[in-house]
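First up is the structure itself, then whatever we jot down about it.
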Amino acid sequence: MLAELQHVSKTYEQQGSDIHNLILDQISLAIYEQDSLAIVGPSGSGKSTLLNILGTLDHPSSGKVIIDGTSVDGLGDDRLAHIRNQFLGFVFQQHYLLPQLTLIENVLLPTLPFKDKAKQQNATQRAYQLIERVGLKNRMHQRPVQLSVGECQRAAVVRALVNKPRLLLADEPTGSLDAGNAMELGQLLGELNREQNLAVVVVTHSLEMASRMGKIYQLTSGKLQLMDKR
C-alpha cells in the first residue's frame with residue numbers, strides 16, 4: 001500500500017464564532033501501486049482539502065495519514081518535505097512555472113536538493129526523456145511566456161514526475177485548459193499511470209477526466225463514496 005487515510009476528519013472554525021464546520025467526516029481511503037482514482041463532487045465539498053491532507057500539505061483534525069507505511073503525524077518539516085520531494089508528485093490547476101526560467105530549468109527545480117552528482121545527472125537524463133515523451137522536446141529551452149497553456153501544464157506534469165514519485169496528486173489539472181487540451185492531458189495522465197508504475201489521484205470537475213481513472217469517488221457532505229462506473 002502506498003498511502004492510506006484512516007478515519008480522517010477535518011473541521012474549520014468560522015471566523016469570529018465558536019461554530020466548527022465539518023468538511024471531511026471519518027474518511028478512509030487506501031491507495032495501492034498503479035491505482036488511478038478520481039475524486040469528484042460539488043464546489044466547496046472538500047476535494048482539495050482531502051488531496052492536501054493526503055499530500056501532507058494540510059493536517060487532519062482527527063484520524064491518521066500513512067505514507068509508504070509511515071504515519072506522518074508528528075513528523076518534522078524536513079521529513080515531510082523529503083516525502084513530498086521523493087515520494088509524491090503534485091500538479092495543480094495553475095502550472096506555477098517560474099517565468100524567468102526555461103522549461104527544462106523549471107522541470108529540474110525538484111532535483112536541486114540532490115548533492116550526489118550521479119543522481120543529479122540521472123534526474124537530468126530522465127527530465128529530457130519525459131519532456132520528449134510529452135511532446136515538448138522542441139520547447140525545452142523556451143520560457144513559459146513562449147508556451148501555450150496546455151504546454152505549460154504538460155511541463156508541470158513532467159516537473160512532478162522528474163524525481164520518480166510513486167504517487168501523483170493532481171488538483172483540477174484541466175481546470176484552466178480548453179476542451180482539446182483537457183482531453184489531451186487526461187489521456188496523458190492515464191498513459192503515464194501505466195507507463196511509469198505510478199499511482200494517480202485526481203480531483204476534478206470533469207467527468208471526461210474522471211472516466212479515464214480506474215475508480216471514481218464522490219465526495220458529498222463530508223463523506224467519500226465509491227461510484228459505479230457502469
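What you see below is based on every heavy atom in this structure, not just the backbone, and it leaves out hydrogens, waters and symmetry mates. This structure is a prediction, so every number in the text was calculated from the model and none was measured.
Scanning for salt bridge (charged side-chain N to carboxylate O under 4.0 Å, His left out) contacts around Glu132 gives an empty result, with sequence neighbours left out.
The local environment of CD in Gln225 is sparse, with at most 12 non-hydrogen atoms from other residues, nucleotides or ligands closer than 6.0 Å. At most 12 heavy atoms of other shown residues, nucleotides or ligands fall within 6.0 angstrom of atom CE in Met183. Annotation for Asn122: atom CG counts as buried by contact number, over 12 foreign heavy atoms lying within 6.0 Å. Other residues, nucleotides and ligands contribute only 12 or fewer heavy atoms inside 6.0 Å of the NE2 atom of His7.
Side-chain contact check for Glu105 and Thr102: at least one donor-acceptor pair (N or O, by modelled atom type) lies under 3.5 Å. Between Gln187 and Glu191, the side chains place a donor N or O and an acceptor N or O closer than 3.5 Å (distance only, hydrogens not considered). No side-chain donor from either of Glu208 and Ser206 sits under 3.5 Å from a side-chain acceptor of the other. If you check the side chains of Gln142 and Arg139, you find a donor sitting under 3.5 Å from an acceptor. Remark: the Gln120 side chain and the Thr111 side chain contain an N/O donor-acceptor pair separated by less than 3.5 Å.
For the pair Asn163 (side chain) and Asn85 (backbone), a donor-acceptor distance under 3.5 Å is present. A donor-acceptor distance shorter than 3.5 angstrom exists from the side chain of Arg126 to the backbone of Leu161, with no hydrogens or angles considered. Judged purely by atom type and a 3.5 angstrom limit, Lys47 uses its side chain to pair as donor or acceptor with the backbone of Pro42. Formation of a donor-acceptor pair under 3.5 Å by the Gln86 side chain with backbone atoms of Ile83 is not found in this model. Panel note: side chain Ser9, backbone Ser62; no donor-acceptor pair is recorded below 3.5 Å. Looking at Glu172, its side chain does come within 3.5 Å of a backbone N or O of His205 through a donor-acceptor pair. Between the side chain of Asn181 and the backbone N or O of Asp178 there is no donor-acceptor pair closer than 3.5 Å.
Scanning both residues, Gln93 and Ser176, for their nearest heavy atoms gives O-OG, 3.1 Å. Nearest approach of Leu167 to Leu198, heavy atoms of both residues: N-CD1, 4.0 Å.
Expressed to the nearest 0.5 Å, how far CG of Leu75 lies from OG1 of Thr70 amounts to 7.0 Å.
Between Tyr96 and Phe92, the ring planes are perpendicular. Angles over 60° get that label, and only those under 30° would be called parallel.
Salt bridge Asp25/Lys10: absent, no basic N to carboxylate O contact under 4.0 Å. A salt bridge does not link Lys64 to Asp73: none of the charged side-chain nitrogens sits closer than 4.0 Å to a carboxylate oxygen.
Connectivity analysis of hydrophobic side chains (ILVMFWY, heavy atoms under 4.5 Å, direct or indirect) links Leu109 to Leu98, Leu101, Leu112.
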* Gln146 and Glu151: side chain to side chain contact (heavy atoms under 4.5 Å, CB included), yes or no, with the steps? -> CA-CA 10 Å; Gln146 299 169 290; Glu151 288 171 335; over 6 Å; no

